[in-house]
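First the structure, in the form of structure tokens, and then the observations on it.
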Amino acid sequence: MLSQKLSIPKGTRDFDPETVTKRNYIIQSIKTIFEKYGFQPIETPSMENLSVLTGKYGEEGEQLIFKILNSGDFVKEISLSDFELGYKKITQSISEKALRYDLTVPFARYVVMHKNQIIFPFRRYQIQPVWRADRPQKGRYREFYQCDADVIGTESLICEAEIIWMINEAMEQLGIKNHSIKINNRKILSSIVERIGMPGKETDFCVAIDKLEKTGIDSVISELKSKGFTDLAIASLFPILEIKGTPAEKLVALKKQLEKSETGSKGILEIETVLQYVEAGSATISNLEFDLTLARGLHYYTGCIFEIKANDISIGSIGGGGRYDNLTGVFGEPGLSGVGISFGIDRIFDVMQELNLFPQQFKNFATLLICCMDKSSENFCLKLLYHLRKSGINSEMYPDIVKIKKQLEYADRKKIPYALIVGTDEIQSGLLTLKNMQTGVQLRLCESELVKKINDELSHQQI
RNA sequence: GAGGGUGUAGCUCAGCUGGUUAGAGCGCCAGUUUGUGGCACUGGAGGCCGUGGGUUCGGAUCCCAUCACUCUCCCCA
């Protein structure tokens, strides 16, 4: 045992080469789709001024923000009386920066700060880690990546439709076949709350109803009761929640229930329009569900909301988003409407890993290993190495003069498909020994034949 | 914030109701093969049994505390 027990902070992870390669595959796939839809990348700092983040995520979310201790003597500003005012007051004086909690709020800040140079409607994507001081568990980390794409500066519901296409394309590309894309509308939810006579209780309602699928009707009822919903209100909720069928059927039934509500009708029209747009541009998306119980926690959503679920794995949602009418308002720039989607790539990774959806050929990086037999052959090998790399063959050379057994074992373990054995025999004859590690077959070739041979075999494999 | 579970070799774990040198599989190293990997065989290294205390003639095993990890709920990606 080593002298010290090393560890990393709870909820964080080291990634080995294979894992990073797989993650990059996911990121690259999503990035390609974002760009295909005309989204442009931005990046923002890992840390924001604390004041940018506070007041945006509700009380629960606020607790989960990782704050950064001020540098230097941060104690000198604190007086004894500050202590009596509690930790919140102290926090203000010892921490003025924090790690970003999501990508949407920093994006809103970015939009306001750069509004004069941005071309609206602004389509941006952003793929960066975020941090939450949450308690880790399955599928939940304290450091994880989000892949966000948002359009800001238009109210057009075409953007919602495009987001649905993108989700669909991403799931298809990654091979997550059994998934659901859920859509709902916050306006519909508010009008339901209104209709059952509980205005102002929207947040409580959303939080409770969101769990319907997971915990069942009884626990939702008891949660609503505990939040002060009357029996009458709960009873009048049933006809609405019992609406079933295709999205179109649900909309018809819901219309009857909410016809008197202006907000409700507007929400329904929005959903209808989005569905119509989705179909106008492509065939029906069969995984798309209109789910009245979808609520989503973030309180800044005001219109359509989305969620992506992988149905084979119990891991929570693998992505979500929605429309927010006034996100930049808190930064002094009202009237900008936006809509966005966020993919949780760490969860997507877990899902793909469990379902074995990653392509197999990820394991090898180098295509060829030069096994150099003796000190006097080194210079010859180095020259060869240079030429091979220049010819586009990913190559490495075993850096020490050790037994060939050891060098081949190295190639084997790293899944390098070719070994090139070079010693005095090869140098004298000019014929190099190429070994195919999979078949064990060895050939004697000159250098130009070698390059051709490898390129031929590789291109065959890839087809 | 509330509640479970688990800490023994690098990894996955066994070790029953306390009993002498703490085990297995996999992995690692070496050899069988002085220029040939995977397979097989042979040998080897590697453990303050998470930490501290208690009960006992005797503790990996029982009791208490503590720390770490993990899972569920809350909330979220």
Side-chain angles (χ1 to χ4, degrees), chain A residues 1-3 5-13 26 30 57-65 100-104 127-148 203-204 206-208 210-211 214-215 219 223 226 295-299 306-310 313-322 340-351 369 371-374 377 398 401-427 432-442 444:
Chain A
M1 183 86 74
L2 289 168
S3 56
K5 276 188 185 168
L6 296 175
S7 67
I8 55 175
K10 199 187 295 197
T12 65
R13 295 152 298 160
I26 298 174
I30 293 175
Y57 305 109
E59 206 170 322
E60 295 250 10
E62 191 117 354
Q63 304 276 8
L64 303 180
I65 294 172
R100 74 166 98 76
Y101 177 90
D102 69 359
L103 299 178
T104 309
I127 300 174
Q128 288 190 281
V130 303
W131 293 268
R132 295 186 187 176
D134 217 345
R135 211 168 162 152
Q137 50 185 278
K138 190 182 180 190
R140 170 173 306 187
Y141 308 101
R142 298 179 113 179
E143 178 183 57
F144 61 97
Y145 269 76
Q146 287 189 331
C147 295
D148 277 29
T203 308
D204 288 339
C206 287
V207 168
D210 201 38
K211 292 170 204 154
K214 199 172 174 184
T215 62
S219 79
E223 179 167 344
S226 75
R296 294 195 57 77
L298 291 169
H299 60 280
F306 317 100
E307 195 159 283
I308 318 163
K309 285 209 68 179
I313 308 287
S314 128
I315 199 171
S317 68
I318 55 176
I341 179 69
S342 177
F343 289 98
I345 70 155
D346 298 78
R347 284 186 177 177
I348 291 175
F349 181 95
D350 291 347
V351 167
L369 176 76
C371 303
C372 181
M373 299 311 301
D374 48 70
S377 307
Y398 200 91
I401 302 300
V402 294
K403 278 189 271 191
I404 188 168
K405 179 185 169 76
K406 185 137 188 162
Q407 302 193 39
L408 288 174
E409 197 177 300
Y410 174 84
D412 186 45
R413 291 192 58 187
K414 283 189 75 177
K415 305 265 193 295
I416 297 173
Y418 295 98
L420 189 70
I421 300 163
V422 182
T424 44
D425 284 2
E426 281 80 5
I427 293 174
L432 310 167
T433 305
L434 177 69
K435 182 177 179 112
N436 181 322
M437 294 298 287
Q438 223 166 26
T439 61
V441 173
Q442 289 188 189
R444 300 290 304 255

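Note that these values count all heavy atoms, side chains included, but never hydrogens, waters or copies made by symmetry.
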Next on the checklist: Once you apply a heavy-atom cut-off of 4.0 Å, does A:Asp425 come out as touching a base, just sugar-phosphate, or nothing?
Outcome noted: base
Checklist outcome for this item: Regarding the side chain of A:Lys406, the nearest nucleotide among B:rC71, B:rU36, B:rA30 is B:rA30
Item to check | Listed nucleotide nearest any side-chain atom of A:Met373, set B:rA77, B:rG35, B:rC71 | outcome: B:rG35
Next on the checklist: What I'd like to find out is whether the side chain of A:Pro417 reaches to under 4.5 Å of the side chain of A:Asn436, using heavy atoms alone.
Outcome noted: no
Next on the checklist: Please tell me if A:Lys10 has a side-chain N or O lying less than 4.0 Å from either OP1 or OP2 of B:rC69.
Outcome noted: yes
Checklist entry - B:rG37, B:rG35, B:rA77: which one has an atom nearest the side-chain heavy atoms of A:Thr433? => result B:rG35
Checklist entry - Rounded to whole angstrom units, what separation is found between the CD1 atom of A:Ile401 and the C1' atom of B:rU36? => result 16 Å
Checklist entry - Watson-Crick or G-U wobble partner for B:rG35, using a 3.5 Å limit on both distances? => result none
Checklist entry - Does the side chain of A:Tyr418 reach to within under 4.5 Å of the side chain of A:Leu369, using non-hydrogen atoms? => result no
Checklist entry - Would you say the side chains of A:Tyr410 and A:Lys406 form a donor-acceptor pair under 3.5 Å? => result no
Checklist outcome for this item: Using Watson-Crick geometry (N1-N3 plus N6-O4 or O6-N4) or G-U wobble (N1-O2, O6-N3), each under 3.5 Å, B:rU21 is paired with none
Next on the checklist: How many whole angstroms separate atom CG of A:Asn436 from atom P of B:rG37?
Outcome noted: 15 Å
Checklist entry - Can you tell me how far P of B:rA77 sits from OH of A:Tyr145, to the nearest Å? => result 18 Å
Item to check | Most 5' of A:Lys138 and A:Gly320 on RNA chain B, judged by nearest nucleotide | outcome: A:Lys138
Next on the checklist: With rounding to the closest Å, how many angstrom separate the C1' atoms on B:rC71 and B:rA30?
Outcome noted: 43 Å
Item to check | Counterpart base for B:rG59, defined by Watson-Crick or G-U wobble contacts under 3.5 Å | outcome: none
Next on the checklist: At 4.0 Å (heavy atoms only), tell me whether A:Ser317 reaches a base, stays on the sugar-phosphate, or touches nothing.
Outcome noted: sugar-phosphate
Next on the checklist: Measuring only between side-chain heavy atoms, which start at C-beta, is A:Val441 closer than 4.5 Å to A:Leu434?
Outcome noted: no
Next on the checklist: Rounding to an integer number of Å, can you tell me how far A:Leu432 CG sits from B:rG35 C1'?
Outcome noted: 15 Å
Next on the checklist: Is the phosphate of B:rG31 approached by A:Lys403 (side-chain N or O, under 4.0 Å from OP1 or OP2)?
Outcome noted: yes
Next on the checklist: Side chain of A:Arg140 only, heavy atoms from C-beta on: which candidate in B:rU70, B:rG37, B:rC75 is closest?
Outcome noted: B:rC75
Item to check | Closest nucleotide among B:rA77, B:rC73, B:rC29 to the A:Gln137 side chain | outcome: B:rC73
Item to check | Residue A:Arg132, side-chain atoms from C-beta onward, closest of B:rG37, B:rC75, B:rA77 | outcome: B:rA77
Next on the checklist: I need the CZ-P distance between A:Arg135 and B:rU72, as an integer number of Å.
Outcome noted: 12 Å
Checklist entry - Quantified in whole Å, what is the C1' atom distance between nucleotide B:rG46 and nucleotide B:rG58? => result 28 Å
Checklist entry - What does A:Tyr141 touch in the nucleic acid at a heavy-atom separation under 4.0 angstrom: a base, only the sugar-phosphate, or nothing? => result base
Checklist entry - Which nucleotide in the list B:rC75, B:rC76, B:rG35 gets nearest to the side chain of A:Arg347? => result B:rC76
Next on the checklist: Strictly by Watson-Crick or wobble contacts shorter than 3.5 Å, is anything paired with B:rA14, and which nucleotide is it?
Outcome noted: none
Item to check | Euclidean distance for C1', B:rC49 against B:rU61 (whole angstrom) | outcome: 10 Å
Checklist entry - Which pair of non-hydrogen atoms, one from A:Leu64 and one from A:Tyr101, has the smallest distance, and what is that distance? => result CB-CE1, 3.7 Å
Next on the checklist: Using atom C1' in both nucleotides, what's the gap between B:rU66 and B:rC57 to the nearest angstrom?
Outcome noted: 29 Å
Checklist outcome for this item: Regarding the side chain of A:Arg413, the nearest nucleotide among B:rC28, B:rU32, B:rU70 is B:rC28
Checklist entry - Has the side chain of A:Gln442 got a donor or acceptor that lies under 3.5 Å from a partner of the other kind on the base of B:rU36? => result yes
Checklist entry - On a plain distance test, is the side chain of A:Glu426 in donor-acceptor contact with the base of B:rG35 below 3.5 Å? => result yes
Item to check | Per A:Leu408 side chain, nearest of listed nucleotides B:rU70, B:rU36, B:rC75 | outcome: B:rU36
Checklist entry - Does NZ or CZ of A:Arg132 fall inside the cone over A:Phe144's six-membered ring, less than 6.0 Å from its centre and within 45° of the axis? => result no
Checklist entry - NA contact type, A:Ile421, heavy-atom cut-off 4.0 Å: base, sugar-phosphate, or nothing? => result base
Next on the checklist: In whole Å, measure the gap between the C1' atoms of B:rC48 and B:rA22 for me.
Outcome noted: 13 Å
Next on the checklist: With hydrogens left out and only the distance checked, is there a donor-acceptor pair under 3.5 Å joining A:Lys435's side chain and the base of B:rU36?
Outcome noted: yes
Checklist entry - When the C1' atoms of B:rU70 and B:rG31 are considered, how many whole Å apart are they? => result 42 Å
Checklist entry - Under 4.5 Å between any side-chain heavy atoms of A:Glu223 and A:Asp204, yes or no? => result no
Checklist entry - Touch check for A:Val207, heavy atoms < 4.0 angstrom, all strands: base, sugar-phosphate only, or nothing? => result sugar-phosphate
Next on the checklist: Between A:Tyr57 and A:Asp102, do the side chains contain a donor N or O and an acceptor N or O under 3.5 Å apart?
Outcome noted: yes
Next on the checklist: Side-chain N or O of A:Arg296 versus OP1/OP2 of B:rA77: is the shortest distance under 4.0 Å?
Outcome noted: yes
Item to check | Between C1' of B:rG1 and CG of A:Asp134, the distance in whole Å | outcome: 12 Å
Checklist entry - Between A:Ser342 and A:Gln146, is any pair of side-chain heavy atoms under 4.5 Å apart? => result yes
Next on the checklist: Heavy atoms only, 4.0 Å cut-off, all strands: where does A:Gly61 land among base, sugar-phosphate and nothing?
Outcome noted: nothing
Checklist outcome for this item: To the nearest angstrom, the CG-P distance between A:Leu369 and B:rU36 comes to 16 Å
Next on the checklist: Taking pairing as Watson-Crick or G-U wobble with both contacts under 3.5 Å, can you name the mate of B:rA65, or confirm there isn't one?
Outcome noted: B:rU51
Next on the checklist: I'd like to know if the side chain of A:Gln442 pairs up with that of A:Thr433 as donor and acceptor (distance under 3.5 Å, no hydrogens or angles considered).
Outcome noted: no
Item to check | B:rA77 OP1/OP2 closer than 4.0 Å to side-chain N/O of A:Arg142 | outcome: no
Checklist entry - Ring stacking, A:Phe144 with base of B:rA77, under 5.5 Å and under 30°? => result yes
Item to check | Short side-chain N/O contact from A:Gln146 to OP1 or OP2 of B:rA77, under 4.0 Å | outcome: no
Checklist outcome for this item: Partner of B:rC28 under the Watson-Crick or G-U wobble criteria, both distances under 3.5 Å, comes out as B:rG44
Checklist entry - What integer number of Å spans the C1' atoms of B:rG54 and B:rG59? => result 11 Å
Checklist entry - Which value, in whole Å, describes the distance between the C1' atoms of nucleotides B:rG15 and B:rC62? => result 16 Å
Checklist entry - Is B:rG1 paired to anything, Watson-Crick or G-U wobble with both distances less than 3.5 Å, and if yes, which nucleotide? => result B:rC73
Item to check | A:Leu434 CG to B:rU36 P, straight-line distance once rounded to whole Å | outcome: 17 Å
